[in-house]
Structure formats: structure tokens, C-alpha cells
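What follows is one structure encoded as C-alpha cells, with my remarks underneath.
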Number of protein chains: 2
Amino acid sequence: MSLPQKTVFIISDGTGITAETFSHSVLSQFTEHYSFKQIREPFVTTVDKIKEIIARIDEIAETDSPPIIFSTMVDQELVDYMRHSKGIFLDIFGACVNTLELSLQVRSNPTVGRSHLDASSEAYHKRIEAINFTLAHDDGQFVHGLQEADVILVGVSRSGKTPTSLYLAMQYALKVANFPLIPEDFERGQLPKTIQPFRHKLFGLSIQPERLSEIRGERRPNSKYASLEQCRYEVAEAEHLMRMQNITWLSSTTKSIEEISTTVLQILKLETHKY
Amino acid sequence: MSLPQKTVFIISDGTGITAETFSHSVLSQFTEHYSFKQIREPFVTTVDKIKEIIARIDEIAETDSPPIIFSTMVDQELVDYMRHSKGIFLDIFGACVNTLELSLQVRSNPTVGRSHLDASSEAYHKRIEAINFTLAHDDGQFVHGLQEADVILVGVSRSGKTPTSLYLAMQYALKVANFPLIPEDFERGQLPKTIQPFRHKLFGLSIQPERLSEIRGERRPNSKYASLEQCRYEVAEAEHLMRMQNITWLSSTTKSIEEISTTVLQILKLETHKY
């Protein structure tokens with residue numbers, strides 16, 4: 001049985017990224033009853049543009065069924081147009097802003113596009129620097145400047161260090177280096193020398209050997225590197241080393257990049273956002 | 001005059017990333033009246049944990065002022081505890097879910113942690129592949145597999161190609177390659193040969209010469225590469241080349257990574273999310 005389809009409009013005066021993420025969370029609670037088709041309308045700032053979008057919404061409402069509208073628009077004139085469309089209008093910040101105005105006894109000041117960092121701001125500059133640092137310090141390739149790192153991820157090859165590093169840099173402007181743990185380290189029973197002085201910044205990623213073997217096999221099929229035996233050996237040794245060295249680690253096997261990153265922040269108690 | 005400070009709790013049964021982004025947008029509307037101190041509490045799934053958090057909230061409410069609580073919790077028992085704390089409770093999905101239940105005449109099915117992709121899912125796998133592809137195809141370093149690319153960004157060195165590529169890969173699971181446009185290309189008056197067959201996937205980034213000179217100067221101070229004269233020459237030539245070749249481009253000078261990425265999606269009409 002196929003589910004009825006609803007059209008969903010994401011309308012924003014900015015990128016619409018916040019509205020999009022939010023809409024996914026809300027709509028995932030209705031996927032037993034409907035499938036959803038998303039139309040994203042970013043950078044909507046004029047009456048002409050909103051009228052054009054509303055015409056499409058009204059047409060879908062008449063010929064099919066009323067679309068759902070997730071809006072983060074703040075211009076009251078444009079919001080009023082949308083309220084009178086034939087769609088199901090959801091002002092995603094509205095209820096929370098109203099509650100806060102009442103509780104705090106102050107008026108809000110809606111300003112277009114405050115959700116994202118301004119490209120000329122100090123914070124934005126820090127973010128680009130963090131991304132560049134993280135790229136330069138991927139996979140132990142560059143050992144200078146490690147004293148500047150906020151985090152150093154360690155783990156066997158293909159345990160998820162690179163995507164996690166990039167996410168932390170992109171989302172939180174953290175400078176993240178990552179280092180592979182390799183058989184030479186296990187034989188010595190020591191961390192790579194270059195990262196020994198930075199033990200307080202280390203966080204480990206581990207992974208189930210079976211999953212690791214799958215991932216490595218995609219890259220180098222039938223190699224020793226991808227064999228289950230080798231993966232078992234490396235994972236056991238890496239976990240042993242991390243335990244000996246008192247490094248907190250988690251298993252990335254069933255975790256998303258977001259979940260791993262959140263845990264890293266939580267455990268290393270990293271300061272991230274400032275208002 | 002310093003503003004009064006409010007403590008803000010971000011409480012989630014998942015990572016809290018959606019709640020955090022949302023809270024920034026809402027609180028930015030109140031920064032004329034308050035400064036905010038954020039405490040993020042991810043992975044809250046037990047009564048013991050929520051009681052411990054509420055004890056801290058209540059203490060702050062009594063000794064200072066009631067904290068603001070942004071919650072994406074779905075477990076009704078835990079939500080009920082929070083509603084009876086002394087904080088200002090904001091259930092960020094609540095109002096929208098209620099409106100949709102009424103409009104669609106169905107019950108929602110709240111399920112913990114649906115906001116992010118499951119690490120074992122097909123979609124998640126695609127995302128990791130996209131990140132790996134994008135890293136391998138950064139800065140024109142690897143020319144094989146370009147037929148698999150969803151987007152190929154072009155522009156002069158340091159015009160913002162790399163952060164934009166990584167963001168599109170991370171957020172939208174798009175395979176993004178990027179290629180520098182260099183003086184040799186301008187002399188030939190041609191795009192690099194390897195990307196000529198993929199003109200429909202190309203998107204250009206440009207930048208103000210003054211800003212480019214600043215950015216390059218941080219990396220290589222007092223070099224010809226960073227000189228305003230060289231930057232002016234390269235930007236003018238790159239824009240001329242893109243115009244001749246009919247490549248859409250935008251200026252990254254005052255735009256955030258999110259704004260650039262949104263525009264790329266919009267103009268190339270790329271399909272991104274599926275429900």
C-alpha cells in the first residue's frame with residue numbers, strides 16, 4: 001500500500017537550513033501516514049516572490065491537497081500573505097518566541113538571517129581556520145601546530161576519524177587533528193611520539209572488526225588490510241593501547257557522525273558556542 | 001552596561017543538535033535584553049538523569065532566575081518531569097506537531113532519535129562515500145571518477161571552494177569535486193581539459209580581489225601570490241573565463257558557507273533529501 005503524498009514547502013528569508021532540519025524531525029513523526037515531497041524556497045525577501053510561491057501552494061491545495069508550509073520568515077508583511085494561503089502554515093519559531101516574550105517581559109527583535117554566521121565576522125573567520133587546520137592535520141600527515149589543536153582523534157585506519165574531525169571543525173569551529181594507530185604503535189606498546197605530549201586532548205574511536213573489514217574491503221578488496229583477522233588484531237590492540245594510556249574512546253560502529261561528535265564534546269568538556 | 005545573563009538548557013534524547021541550532025535562532029531575537037549561557041544535555045533517556053538536570057535547573061531558578069529549557073524530548077514521562085521544573089519550558093516540536101495532527105487528522109508517532117541518519121542505513125553510507133569522494137577530489141588533485149561528481153566547483157585559489165565542497169558533502173551527501181582556475185587556464189582562454197566534458201556540473205566561486213589578497217596574505221605574506229595586483233588579475237580573468245564558458249558563479253566575499261551551498265543547490269537544481 002503506498003502512502004498518500006503531501007507536498008512540503010520550506011520557506012525562509014535565509015538559507016532555510018534550520019527550517020529544513022526542523023521539518024525532518026517533525027515530519028518523521030508522520031511517516032506512517034504520509035510520504036512527503038519537499039520544495040525548498042530560500043532567500044525569499046520580496047512580496048513578488050512570496051506571491052509567486054503562494055500561487056503554487058494554492059494550486060496544489062485545490063488540485064491535490066493542502067501543502068504543509070514550514071516558515072522561518074520574520075517580515076510580518078510576508079508572513080501575513082502566507083497565513084492567508086491555502087496551505088497548512090507552521091511558523092516554526094513563533095510559539096517559542098511568544099512564550100519567551102511573555103516569560104521575559106521583553107519584545108523580540110526579529111532580524112533577517114541571524115541564524116548563520118556573517119562571513120565577515122570573527123567567528124566565521126575562526127571557522128574557516130578550523131576547517132583548514134583540520135584538513136592539514138588529517139591522518140597524521142602534518143605534525144606541526146598540534147599544540148593549537150582542540151582535539152586529537154586516534155584510532156585504527158577507517159574507524160571514522162576523518163568525517164568526525166571535519167564535522168567538529170565545520171559545526172563548532174574546533175581545530176581537530178587525527179592520527180591513525182598502526183601495527184608499529186602496537187608493537188612498541190606506545191602512542192605515536194608526536195602526540196604523547198597532548199594526552200589530555202586525545203579521544204579514541206574504535207569499531208567492530210566485522211564492520212571494519214567490510215569498510216576496508218570496499219577500498220581494497222581481498223587485501224590483508226581488509227581481512228577479518230587483521231581487523232580483529234588491530235582493533236584489539238588499539239583498544240588495549242587506549243586502555244593502558246587512559247584514553248576515553250567509543251565504538252563508532254552504530255553511531256552517526258553527529259552522535260560521535262556530541263560525545264566527544266561532552267567528554268572533553270569543550271566550549272563551543274558563544275552568543 | 002552589561003546585560004543580565006540567562007542560563008539556557010538544551011535537553012535532548014539524541015544529540016541536541018537540532019535543538020541547539022533552533023535555540024540560536026530564537027535567542028538571537030532577544031540579545032538586546034539578555035546574554036545567554038548555554039548548557040547542552042544530550043542523550044537524556046532516563047528518569048534519574050532528568051531528575052538530576054531538573055535539580056540544577058531549580059537551583060538556578062531559586063538562586064538566580066528561571067533558566068530557559070529548549071527540549072526535543074519525546075518520552076512523555078520525562079517531558080512531564082520537565083514541565084514541572086522551575087524553568088521556562090519550550091517543547092520545540094510541540095506546537096507544530098499538534099497543528100499537524102489536527103490538520104492531517106492522524107496521530108504522530110514520536111520516536112527517539114529519528115532526527116539523524118542511522119549509521120547502518122543506506123543513506124548514511126552514501127554520506128560517508130560523498131565525504132571521501134569530496135576529500136579525494138579537492139583542489140583538482142584527483143581527476144578520475146569525475147563522471148560520478150554531482151557538482152564541480154571552480155574558482156581561483158582561496159575563493160572558498162574547499163569549505164563549500166565539504167559542507168555540501170557532509171550536509172547533503174553530494175559528491176563534490178573542486179578545481180582551481182590558474183593563470184595557465186587564463187592564457188589558454190580555456191577551462192582545464194579534464195573538466196570540459198562536465199560543463200553542466202560546473203559552478204563558479206568568485207571573490208573581491210581586496211578580500212582575496214587578505215586571505216592569501218595570511219598564508220603567504222608579501223608574496224606575489226597574495227599581492228593585490230595578482231589577485232585583481234586572477235579574479236578578472238576567472239570571471240571573464242566563466243562568462244565566456246557560460247558558467248554560473250557567485251561572489252563568496254560576504255556569504256557564509258551555508259548561503260553559498262544553498263545557492264549552488266538552487267541553481268543546479270540538485271535533488272538532496274528524501275524522506
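Protein chains get the first letters and strands the later ones, always in sequence-line order, with residue 1 at the start of each.
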Gap separating the [atom1] atom of [X] from the [atom2] atom of [Y], nearest 0.5 angstrom:
X      : Y      : atom1 : atom2 : value
B/S256 : A/Y124 : OG    : OH    : 5.5 Å
B/D91  : A/C96  : CG    : SG    : 8.0 Å
B/M170 : A/Q171 : CE    : CD    : 9.0 Å
A/L102 : B/I88  : CG    : CD1   : 10.5 Å
B/F93  : A/Q29  : CZ    : CD    : 7.0 Å
A/T262 : B/F43  : OG1   : CZ    : 5.0 Å

So what's closer than 4.5 Å to chain A heavy atoms on [X]: side chain, backbone, both or neither?
X      : answer
B/I215 : neither
B/L166 : both
B/T162 : side chain
B/I257 : both
B/E101 : both

Chain B: which of [options] shares the most heavy-atom pairs with it under 4.5 Å?
options              : answer
A/I68, A/I92, A/L104 : A/L104
A/F89, A/F22, A/F70  : A/F22
A/V106, A/V26, A/T72 : A/V106

Considering only heavy atoms from C-beta outward, does the side chain of [X] approach that of [Y] to under 4.5 Å?
X      : Y      : answer
B/F30  : A/V97  : yes
B/P163 : A/I128 : yes
A/L135 : B/L135 : yes

May I ask you to name which of B/A19, B/P42, B/S261, B/A95 has the most heavy-atom pairs under 4.5 Å with chain A?
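Between B/A19, B/P42, B/S261, B/A95, the count favours B/P42.
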
Between A/E129 and B/R219, is the closest basic N to carboxylate O distance under 4.0 Å?
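A salt bridge is absent here (no side-chain N lies under 4.0 Å from a carboxylate O).
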
Side chain, backbone, both or neither: which part of A/I131 has a non-hydrogen atom closer than 4.5 Å to chain B?
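Only the side chain of A/I131 comes within 4.5 Å of chain B.
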
Check the pair A/T99, B/L90 against side-chain contact (heavy atoms from CB on, under 4.5 Å), reporting the backbone distance first and the verdict last.
CA-CA 8 Å; A/T99 305; B/L90 303 171; 3.6 Å; yes

Can you list the steps and then say if A/L265 with B/R40 is a side-chain contact (heavy atoms from CB on, under 4.5 Å)?
CA-CA 10 Å; A/L265 294 180; B/R40 183 162 149 198; 3.8 Å; yes

With side-chain contact (heavy atoms from CB on, under 4.5 Å) as the criterion, how do A/L27 and B/L100 come out once you've worked through the C-alpha distance, each side chain's angles and the decisive distance to 0.1 Å?
CA-CA 9 Å; A/L27 294 177; B/L100 283 179; 4.1 Å; yes

Okay, side chain of B/H33, backbone of A/Q105: is any donor-acceptor separation there less than 3.5 Å?
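Flag not set: sc B/H33 to bb A/Q105 has no pair under 3.5 Å.
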
